[in-house]
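Contents: one structure, followed by commentary.
All heavy atoms count here, side chains included; hydrogens, waters and symmetry mates do not. Naming convention: chains lettered A, B, ... in sequence-line order (proteins, then strands); numbering from 1 in each chain. This structure is a prediction, so every number in the text was calculated from the model and none was measured.
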Number of protein chains: 2
Amino acid sequence: METLVENQKVHICSGEFVIAVREAMNVISGKWKLPIIGSLCYGKKRFKELERDISKITPRMLSKELKELELNSIVKRTVHDTTPVTVEYELTPSGKKIKNVLDAMVKWGLEHREVVMVEE
Amino acid sequence: METLVENQKVHICSGEFVIAVREAMNVISGKWKLPIIGSLCYGKKRFKELERDISKITPRMLSKELKELELNSIVKRTVHDTTPVTVEYELTPSGKKIKNVLDAMVKWGLEHREVVMVEE
DNA sequence: TATACTAGTATACAATAGTATAGTAGTTAC
DNA sequence: GTAACTACTATACTATTGTATACTAGTATA
């Protein structure tokens with residue numbers, strides 16, 4: 001399995017490849033990361049807005065996942081000096097580009113579903 | 001966040017989208033699925049070959065993951081009537097196409113790493 | 001008879017991921 | 001003064017995921 005990255009053939013087992021895939025996996029794995037990213041695609045959101053948007057998430061998980069996403073430079077956190085304090089979360093440019101990965105997943109997923117349906 | 005699939009704009013929250021992404025996530029999530037798929041990219045492999053190929057995997061996990069991949073139509077299992085019995089595993093066409101998703105992940109991962117490096 | 005090969009399975013445990021429920025601190029409206 | 005808003009945190013638990021170690025069954029070789 002080979003892949004073209006910046007005009008260079010890269011072997012699936014090359015160190016860079018593995019690290020890059022792992023990084024992408026980190027960002028989208030887990031139960032709540034995609035719902036959070038999905039919700040932030042429509043623009044900035046406050047903590048409580050995300051909590052209301054994402055059905056059944058607990059504040060503990062929301063807080064934990066937002067911290068991880070911030071650490072990984074996917075989400076930017078901004079504190080506003082209002083009363084009460086409001087905190088806004090938004091996707092970084094890198095966070096927005098995850099869309100390309102999701103697109104590839106949707107494309108594969110739909111094709112795969114069709115293949116499986118025809119087989120059965 | 002919108003995406004183009006077969007000339008139709010599909011909303012990120014549409015049922016089909018969510019199911020398709022979840023399906024793709026199922027196939028690549030977990031500690032051992034990518035190493036297994038990676039190893040099978042080079043062609044058919046027997047159980048013991050995979051076990052030797054994939055450093056530190058236990059037969060329990062290899063067996064479990066192969067079963068899941070087979071259930072999801074990513075891997076095909078063929079039993080050969082030799083002595084001792086040999087079993088071959090190979091990627092289905094759908095399994096091979098997961099490469100497109102991995103490519104998108106590599107591309108994003110490499111770009112993201114560069115952005116993060118420049119920032120720090 | 002003992003060892004090694006095939007492809008796994010069984011049991012018990014450890015580690016990680018996620019849930020449920022309640023509480024914090026500071027300010028504002030009733 | 002009490003309730004409600006903000007953005008969380010703390011504690012204790014359950015569930016899922018992965019590990020470690022040993023074992024099975026059938027055949028072939030030394």
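Under the 4.5 Å side-chain contact rule for hydrophobic residues, A:Leu91 and A:Val79 share a cluster.
If you check residues 73-80 of chain A against DNA chain C, you find no residue with a heavy atom closer than 4.0 Å.
Here B:Asp103 pairs with B:Lys99 in a salt bridge; the nearest charged N to carboxylate O distance falls below 4.0 Å. Using a cut-off of 4.0 Å between Lys/Arg side-chain N and Asp/Glu carboxylate O, B:Glu51 and B:Lys48 are scored as salt-bridged. Salt-bridge check for B:Lys31 with B:Glu65: failed, with every basic side-chain N at 4.0 Å or more from each acidic carboxylate O.
Reading DNA chain D from its 5' end, the first and the last nucleotide to sit under 4.0 Å from a heavy atom of chain B are D:dG18 to D:dA28.
Nucleic acid contact for A:Lys67: sugar-phosphate only, since backbone atoms but no base atoms lie under 4.0 Å from a heavy atom of the residue.
The two residues B:Arg113 and B:Met117 come nearest to each other via the heavy atoms O-CG, 2.7 Å. B:Arg77 approaches B:Tyr89 most closely through the heavy-atom pair NE-OH, 3.3 Å.
Both A:Thr83 and B:Thr86 sit near DNA chain C, but only B:Thr86 has its closest nucleotide nearer the 5' end. Taking the nucleotide of DNA chain C with the nearest heavy atom to each of B:Arg52 and B:Lys64, the more 5' of the two is matched to B:Arg52. When each of A:Arg60 and A:Glu88 is assigned the nucleotide of DNA chain D bearing its nearest heavy atom, the one mapping closer to the 5' terminus is A:Glu88.
The partner of D:dA30 is C:dT1, judged by Watson-Crick or G-U wobble contacts that both fall below 3.5 Å.
If you measure from atom CG of A:Asp81 to atom P of C:dG26, you get 15 Å, rounded to the nearest angstrom. C:dA10 atom C1' lies 17 Å from atom CG of B:Leu62, rounded to whole Å.
The closest donor-acceptor contact from the side chain of B:His112 to the backbone of A:Asn72 lies under 3.5 Å. In this structure, B:Lys45 contributes its side chain and B:Ser39 its backbone to a donor-acceptor pair below 3.5 Å.
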